[in-house]
Amino acid sequence: MSKHFTKSSNDWLIKEKNFASEKQGLYESLFTLGNGYLGVRGSLEENPHGSNRGVFIAGIFDKSEGYVPELVKAPGWVDVAIWLGERKVAVDTCKVLRHERILDLKKGTLHRLTKFKTPEGKILQLETRRVVFSHQVRGALIDFTITPFNFTGEIKVYSGLNGEVTNAGYFPRERVKHLTLVRMSRSDDHIYLEMQARDNKTRIAMAATTVFNNAPLVANRVNRIFGEKVTQLITFKAEKNKSYNFTKWIATYTSREGYERQLEAATTDLLRDMVYEGVEACLSHHLKEREKQWGQIDIGIKGDQKAQLGLRFNLYHLLIAKPHHDPTVSVGAKFLTGEGYRGHVFWDTEIFMLPFYIYNYPDEAKRLLMYRYYTMEKALQNAAELGYQGAKFAWESADSGLEMTPSYGLREDGSKVKIFTGEEEHHIVSDVVYGINNYINATGDNDFLYKYGAEMIFQTARFWLSRVEKRRGRYEIRKVIGPDEFHEHVDNNAFTNYLVIWNLELAVRLYNRMKKHVPDILKELVAKLKLKEDEVERMQVISKTLLFPYDQKTDLIEQFEGYFSLKDFKAGKPDKNGLPLFPKGIDESKLERTQLLKQADVVLLLYLFLDRFSPEVKKKNYRYYEARTMHKSSLSPCIYALMGLETGDHHSAYKYFLKTAYLDLVDANKNAADGIHAAATGGAWMSVIHGFAGMKVRRGKLTFTPWLPQKWQELSFSCFWQGSWLTVVITPGSITLTVKAGRGVSVMVGEQAVDLLLGKSVKIKLK
Ligand code: BGC
């Protein structure tokens, strides 16, 4: 075994200690390996019954008979099946004497050890180590070792590329076939499989080979084809108590990357190159890259192992989802870890995941925003189809940006449920703009702002011009869904309206700024968009007169008009994961008649615009809405962690942080099998960096107002700010800031201005 496979220390390891069939899906999601280009679920090599394995490639969507385009399940390559005569050695065919898997977050390696006893009494151990490379995103390997303990005899290993894959589809108990076979080939040294998405003809090519590292005297390898599977069949004579070690190499390319003609050559060349380089060299490159990545993203928490490990798990998933230099893909609500939400991109990206990328990988953050820019044409179409002008980003976006939210779902009994989010959840439009502004604040990237951001800001503002209605002498926005999806078709949702006010103000400000500083660029843009001066005037008027439901007497913001007259129920007692149960006596099919909320709505608004609301307003609204929030969305607890810190509810903030960080690890929402809740991973980062470290942009300045949970002896991390890289070390009594690269910057620690020079650490006492 390569020395590179030694495991990191316990604060980097996520463990599965035995095999439980009902938890297969959960661990497949948790143990996903990836690099932003590829996501490979942590399924068992023998593909046991109940497995929902999956290999996903960023940006490959297909509809075919599906209800909406979905992220395509690519051919599987995790497949390694061991046979003893007629007996397949698998967790569902043999007695499992021992089973353990470990995901090493630091190294990005998945380790497995399973000891089987066949019904015939043969005992055999399989150890595997799997890696999806970080230095070469198209490459991966599985290292595996087979040891027979109580017998000598023939062992067969089928190690292949499996094109027999279908997606789960949208409706219950369906399968959708997205790929057709283009070509398979088998040469002496590898197998090759090429498949094509049925609608858009994108081709996926994979080449693989499995090599013996310590071949016994009697061994042979032949290639076999089974329908749409191409497999290397290795047969060897095994001796009792001897271990046999193999490496399976896999290379992937797609026609999306411009290798249309030379797809097979590119894929097989890569495979040969990797095999030639060898396991040691490839792993060493991979680990070097991973080390560099962790050097950037890691957050150290001393004194609280639970928080440390949980947080790292979330950082790991954010890291392996980081899109790889491709501005035409974004990160979906489940990353590349499962079929949940069919790989679609939601507001989760701009509000919950983007902050991590902005402060760690600003170039990738820009590419995520460019994805929205490339969907502009379809965003205009989305607006037009609803009878509006300007750009309406899709609530659920796939590859093109056309609205892909299904218009209905099916219950298990076959009855239909209408889904209104695609038609009504319009806050997405300004959530994207919020993301743009967040990126600009941290980077000062005016080039992006003028070339791409401005167009999105003007076209979204234009959407709102056509979306508002003048009633009762003021402007209103009727029939929307706010972040809290328990209530549909509501009028004047505070969250939406406030974002619109801000979006319009921003457009006007930007217009005036461009007029002054870059008149030529503005002129060109105005001509392209046919933007009229009077539209900009209307933006200003509406931003000043759009209704915002706020009660001055109580300081409470009404989530939407009429909300306070609904039946007032409070969230019930917590379940075993600390999430509230529905209160007694509630009819769960009529939640819209109550004040219960699915997820943070007004409280999220307060978080997004911290400095525009007084401490009193923040506190009162936090208290009011916290008591009524059911946290039925993974996006919710982190916002309460952040606002708990802002309003002095520190104890709850820590609890909400742990709920976010452990959401999938404890399968709190009971659906992690469908994929990791990507927004929660971003939320965990936000809770620690924007929350406990208190690092936020306030009045244009990077400001630190830390508060550490009692157990935390030290919190340390690094981050990007305006072209410089900073390291931050916080202890209960101090904060130490260092500019490690770039140039000096000025920041605030609480109310104190601090000038930082390159390379010089400044330690400040905290009160
Ligand atoms: C939430 C949305 C979220 C979506 C995808 C839904 O349950 O209510 O806010 O965008 O999941 O994560």
Side-chain angles (χ1 to χ4, degrees), residues 1-8 13-19 23-24 27-34 38-48 51 53-55 76-84 88-94 96-105 107-117 123-133 139-149 155-162 208-215 221 231-234 236 238 242-250 274-275 278-280 282-283 286-287:
M1 183 186 84
S2 162
K3 64 176 190 301
H4 295 305
F5 283 128
T6 51
K7 289 181 208 92
S8 306
L13 306 181
I14 304 290
K15 298 180 183 168
E16 177 194 44
K17 295 200 173 120
N18 46 45
F19 174 74
K23 289 204 172 160
Q24 256 198 99
Y27 279 102
E28 287 179 346
S29 297
L30 299 180
F31 287 172
T32 298
L33 298 176
L38 278 177
V40 182
R41 278 168 70 79
S43 53
L44 295 175
E45 286 74 9
E46 64 267 38
N47 188 24
S51 159
R53 68 216 157 110
V55 171
W77 52 250
V78 168
D79 306 41
V80 174
I82 302 170
W83 287 75
L84 299 177
K88 184 177 174 189
V89 181
V91 286
D92 54 348
T93 57
C94 297
V96 177
L97 302 179
R98 183 177 165 197
H99 176 80
E100 171 182 287
R101 284 198 299 166
I102 296 176
L103 173 66
D104 187 328
L105 302 168
K107 295 190 167 183
T109 48
L110 179 61
H111 302 249
R112 170 192 188 178
L113 188 152
T114 310
K115 201 166 170 186
F116 304 92
K117 185 173 184 186
I123 298 177
L124 178 144
Q125 179 171 287
L126 171 67
E127 276 180 275
T128 71
R129 297 147 206 109
R130 199 183 295 169
V131 193
V132 172
F133 293 141
L141 69 76
I142 308 177
D143 172 280
F144 58 98
T145 306
I146 299 171
T147 313
F149 281 125
I155 297 182
K156 282 191 191 313
V157 178
Y158 292 82
S159 173
L161 294 171
N162 191 342
T209 190
T210 302
V211 290
F212 236 127
N213 294 325
N214 58 342
R221 188 181 71 183
T231 297
Q232 285 177 315
L233 165 57
I234 300 164
F236 63 100
K242 255 190 113 174
S243 293
Y244 299 90
N245 179 247
F246 307 77
T247 310
K248 177 174 186 174
W249 296 88
I250 308 96
M274 291 192 301
V275 176
V279 175
E280 292 303 314
C282 283
L283 284 179
H286 161 77
L287 292 179

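The analysis underlying the following values was restricted to heavy atoms, covering all of them including side chains, and did not include hydrogens, waters or symmetry mates.
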Exercise. Answer yes when Arg112 and Glu46 have at least one side-chain N-carboxylate O distance shorter than 4.0 Å, and no when they do not.
Key: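 Result for this pair is yes, salt bridge flagged.
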Self-check item: Nearest heavy atoms of Gly108 and Leu33, plus distance in Å
Solution: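 Of all heavy-atom pairs spanning Gly108 and Leu33, the closest is O-CD2, 3.7 Å.
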Quiz item: Say you draw a straight line from NZ of Lys242 to OG1 of Thr147; how long is it, rounded to the nearest 0.5 Å?
Solution: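 Reported value, rounded in 0.5 Å steps: 11.5 Å.
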Exercise. List the steps, then state whether side chain to side chain contact (heavy atoms under 4.5 Å, CB included) holds for Lys3 with Glu280.
Key: CA-CA 8 Å; Lys3 64 176 190 301; Glu280 292 303 314; 3.9 Å; yes
Quiz item: How long is the span from the CD1 atom in Ile123 to the NZ atom in Lys117, to the nearest 0.5 Å?
Solution: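 Reported value, rounded in 0.5 Å steps: 5.5 Å.
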Quiz item: Roughly how far, to the nearest 0.5 Å, is the CD1 atom of Ile155 from the CG atom of Leu84?
Solution: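 Those atoms lie 5.5 Å apart.
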Quiz item: Aromatic rings Phe144 and Phe246: how do their planes relate, parallel, tilted or perpendicular, breaks at 30° and 60°?
Solution: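 The arrangement is parallel - the two ring planes meet at less than 30°.
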Quiz item: After noting the C-alpha distance and the side-chain angles of Trp77 and Ile142, does the key distance pass the side chain to side chain contact (heavy atoms under 4.5 Å, CB included) rule?
Solution: CA-CA 9 Å; Trp77 52 250; Ile142 308 177; 4.1 Å; yes
Quiz prompt | Intermediate values then yes/no, side chain to side chain contact (heavy atoms under 4.5 Å, CB included), Val131 and Leu283 | solution = CA-CA 8 Å; Val131 193; Leu283 284 179; 3.8 Å; yes
Quiz item: Per the salt bridge (Lys or Arg N to Asp or Glu O under 4.0 Å) rule, which among Arg101, Lys248, Arg129, Arg130 passes with Glu45?
Solution: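 So, applying the salt bridge (Lys or Arg N to Asp or Glu O under 4.0 Å) to Glu45 and each of Arg101, Lys248, Arg129, Arg130, only Arg130 qualifies.
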Self-check item: Polar contact flag, side-chain donor to acceptor under 3.5 angstrom, Gln232-Ser159
Solution: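 Ser159 and Gln232 do not have a side-chain donor-acceptor pair below 3.5 Å.
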Quiz item: Charged N to carboxylate O under 4.0 angstrom, Glu16 versus Lys23?
Solution: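 Salt bridge: no.
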Practice problem: Mind listing the closest non-hydrogen atom pair of Ser29 and Arg41 along with its distance? | Solution: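 Shortest heavy-atom contact: OG-NH1, 2.8 Å.
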Quiz item: Considering all heavy atoms of both residues, which atom of Ala81 and which atom of Lys88 are nearest to each other, and what is their separation?
Solution: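 Nearest pair, atom of Ala81 first, then Lys88: CB-CE, 4.1 Å.
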Quiz item: Do Arg221 and Val211 come close enough that some side-chain heavy atom pair is under 4.5 Å?
Solution: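 SC-SC contact between Arg221 and Val211 confirmed.
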Self-check item: CG on Leu44 to NE2 on His99, rounded to 0.5 Å
Solution: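 Rounded to the nearest 0.5 Å, the NE2-CG separation comes to 5.5 Å.
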Quiz item: How many angstroms lie between atom CZ of Arg53 and atom CG of Asn47, to the nearest 0.5 angstrom?
Solution: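 Between Arg53 CZ and Asn47 CG, I get 3.5 Å after rounding to 0.5 Å.
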Exercise. Mind telling me whether His286 and Phe133 have parallel, tilted or perpendicular rings, with 30° and 60° as the class edges?
Key: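 If you compare the ring of Phe133 with that of His286, the planes turn out tilted.
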Exercise. For Asn213 and Thr145, indicate whether the former's side chain and the latter's backbone hold a donor-acceptor pair under 3.5 Å.
Key: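 Flag not set: sc Asn213 to bb Thr145 has no pair under 3.5 Å.
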Quiz item: When you measure from the side chain of Ser2 to the backbone N and O of His4, does any donor-acceptor pair fall under 3.5 Å?
Solution: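 Looks like yes, one N/O pair under 3.5 Å.
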Practice problem: Using a 4.5 Å cut-off on heavy atoms from C-beta on, say whether the side chain of Val80 contacts that of Thr128. | Solution: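 Not in contact.
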Practice problem: Apply the side chain to side chain contact (heavy atoms under 4.5 Å, CB included) test between Phe116 and each candidate in Leu126, Ile82, Thr93, Leu97; give the one that qualifies. | Solution: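 Answer to the side chain to side chain contact (heavy atoms under 4.5 Å, CB included) test with Phe116 among Leu126, Ile82, Thr93, Leu97: Leu126.
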Quiz item: Asp104 side chain to Lys7 main-chain N or O, any donor-acceptor pair under 3.5 Å?
Solution: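 Such a contact is absent between Asp104 side chain and Lys7 backbone.
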Exercise. Can you measure from CG (Asn245) to CZ (Phe212) and round to the nearest 0.5 angstrom?
Key: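 The distance works out to 9.0 Å.
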Quiz item: Which atom pair, heavy atoms only, marks the closest approach of Tyr244 to Pro148?
Solution: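 The pair with the smallest heavy-atom distance is CE1-CD, 4.3 Å.
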